Amino acid sequence: DAVDQQAEFDALVAAEGRIEPRDWMPDAYRATLVRQIAQHAHSEIIGMQPEANWITRAPSLRRKAILLAKVQDEAGHGLYLYGAAETLGVNRDDLLDKLHAGRQRYSSIFNYPTLTWADVGAIGWLVDGAAITNQVPLCRCSYGPYARAMVRVCKEESFHQRQGYELLLALSRGTEAQHAMAQDAVDRWWWPSLMMFGPPDDESAHSAQSMAWRIKRHSNDELRQRFVDICVPQAESLGLTLPDPDIAWNEERGCYDFGPIDWSEFQRVLRGDGPCNEQRLEQRRAAHENGAWVREAAAAYAAKHSGAGTT
Ligand code: 3HC
């Protein structure tokens with residue numbers, strides 16, 4: 001009965017077990033996973049736009065090939081995650097309808113413009129770096145399909161982060177103008193990357209419950225701090241500075257102190273008032289409409305060859 005099912009679920013989660021699609025789970029657990037996995041998948045798909053802006057203008061064939069591979073990976077991550085969401089009984093089309101109607105979120109970070117080629121490096125190094133910091137713990141998430149999707153995604157994210165770092169290093173060691181372009185990109189992407197981890201813990205609506213369910217394994221602030229501690233030495237190796245004069249090693253805490261984040265900017269972006277919110281959704285809706293014929297053709301082909309024959 002329901003009491004036993006809840007007890008069994010709680011025991012499995014507490015024992016670091018995996019909840020699988022056919023297991024009983026609380027409705028709220030299912031709903032939280034649908035919300036987070038859909039948001040994650042939407043982020044991957046929308047996240048293709050900022051970088052795709054530079055595919056036709058990459059400075060060399062090598063850079064173009066790397067960027068193409070990365071953007072294609074993001075599409076694959078999105079499809080992987082929509083697949084994980086569907087194991088919870090939701091329909092991919094409904095999730096996309098909600099995204100297009102502004103009723104489901106995607107990561108705030110993708111509402112910023114990519115103004116120069118150096119932005120491709122800053123996104124790889126900082127945005128994919130933050131994504132790795134956030135996604136590695138998700139490999140230990142209590143929901144099986146999501147945790148397993150993350151293992152594959154994290155392997156590809158490492159390539160994304162390394163190519164971004166290497167791109168910035170080439171610019172930083174290049175001409176003065178190239179160094180300045182890399183520094184300008186880091187200046188613009190640093191603070192929005194810290195906001196990717198979500199609001200401060202004491203303002204996080206979902207953290208306590210998500211951590212009790214072992215969906216979220218570390219708090220927003222913990223992962224944000226871990227990310228800062230990783231980036232400070234990397235910025236030094238890049239010969240670039242992070243746009244925060246308050247960054248300083250704190251021996252007592254064993255990590256870097258850093259300056260206050262402008263949460264009003266974060267809330268503005270979440271409300272839809274970021275630099276590119278409108279443009280990103282318009283482009284997404286247009287891509288969906290322009291792609292309708294492909295979906296219809298695939299469905300017609302499947303019906304024809306499934307032996308069911310077309311009625
Ligand atoms: N962008 C947009 N919304 C955000 C956000 C962000 N960066 N951070 C938090 N929020 C929203 C939450 O969705 C929630 O709003 P809602 O109730 O309307 O959904 C509200 O702010 C409160 O935040 P919480 O901390 O309480 O929410 P969560 O517990 O969901 O934590 C999270 C937020 C840490 C982003 C968590 O959802 C998560 O870990 N998601 C999975 C990872 C993910 O989505 N990453 C996004 C980037 S993917 C990517 O970068 C692709 C890579 O290839 C570049």
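Note that ligands are numbered from 1 as they come in the structure, with each ligand's atoms numbered from 1 the same way. Note that this is a predicted model, so its numbers are computed, not measured.
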Return yes if a side-chain donor-acceptor contact under 3.5 Å exists between E51 and T114, otherwise no.
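E51 vs T114: no donor-acceptor pair found between side chains.
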
Residue contacts for ligand 1, heavy atom to ligand atom, distance under 4.0 Å
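Contacts of ligand 1 under 4.0 Å: R35, Q36, Q39, H40, S43, E44, E74, R105, Y106, S107, S108, F110, V127, D128, A131, N134, L138, Y146, E157, M195, M196, F197, G198, P199, S204, A205, H206, K216, N220, F266, L270.
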
Pairs involving residues 105-120, ordered by first then second residue, that meet salt bridge (charged side-chain N to carboxylate O under 4.0 Å, His left out) (sequence neighbours left out):
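Those involving residues 105-120 are D119-R188.
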
Test: ring-ring contact (aromatic ring centres under 6.0 Å, His included). Region: residues 84-111. Which pairs qualify, not counting sequence neighbours?
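As it turns out, the ring-ring contact (aromatic ring centres under 6.0 Å, His included) pairs with a partner in residues 84-111, which skip direct neighbours, are H100-H288.
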
Classify the ring geometry between W190 and F227 as parallel (under 30°), tilted (30 to 60°) or perpendicular (over 60°).
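Parallel: the ring planes of W190 and F227 meet at under 30°.
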
Working to the nearest 0.5 Å, report the span between NZ of K216 and CG of L223.
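Spacing of NZ (K216) from CG (L223) equals 8.5 Å.
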
Residues two or more places apart in sequence or in another chain: which of them pass side-chain hydrogen bond (donor to acceptor under 3.5 Å, both in side chains) with N91?
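With sequence neighbours excluded, N91 shows a side-chain hydrogen bond (donor to acceptor under 3.5 Å, both in side chains) to no residue whatsoever.
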
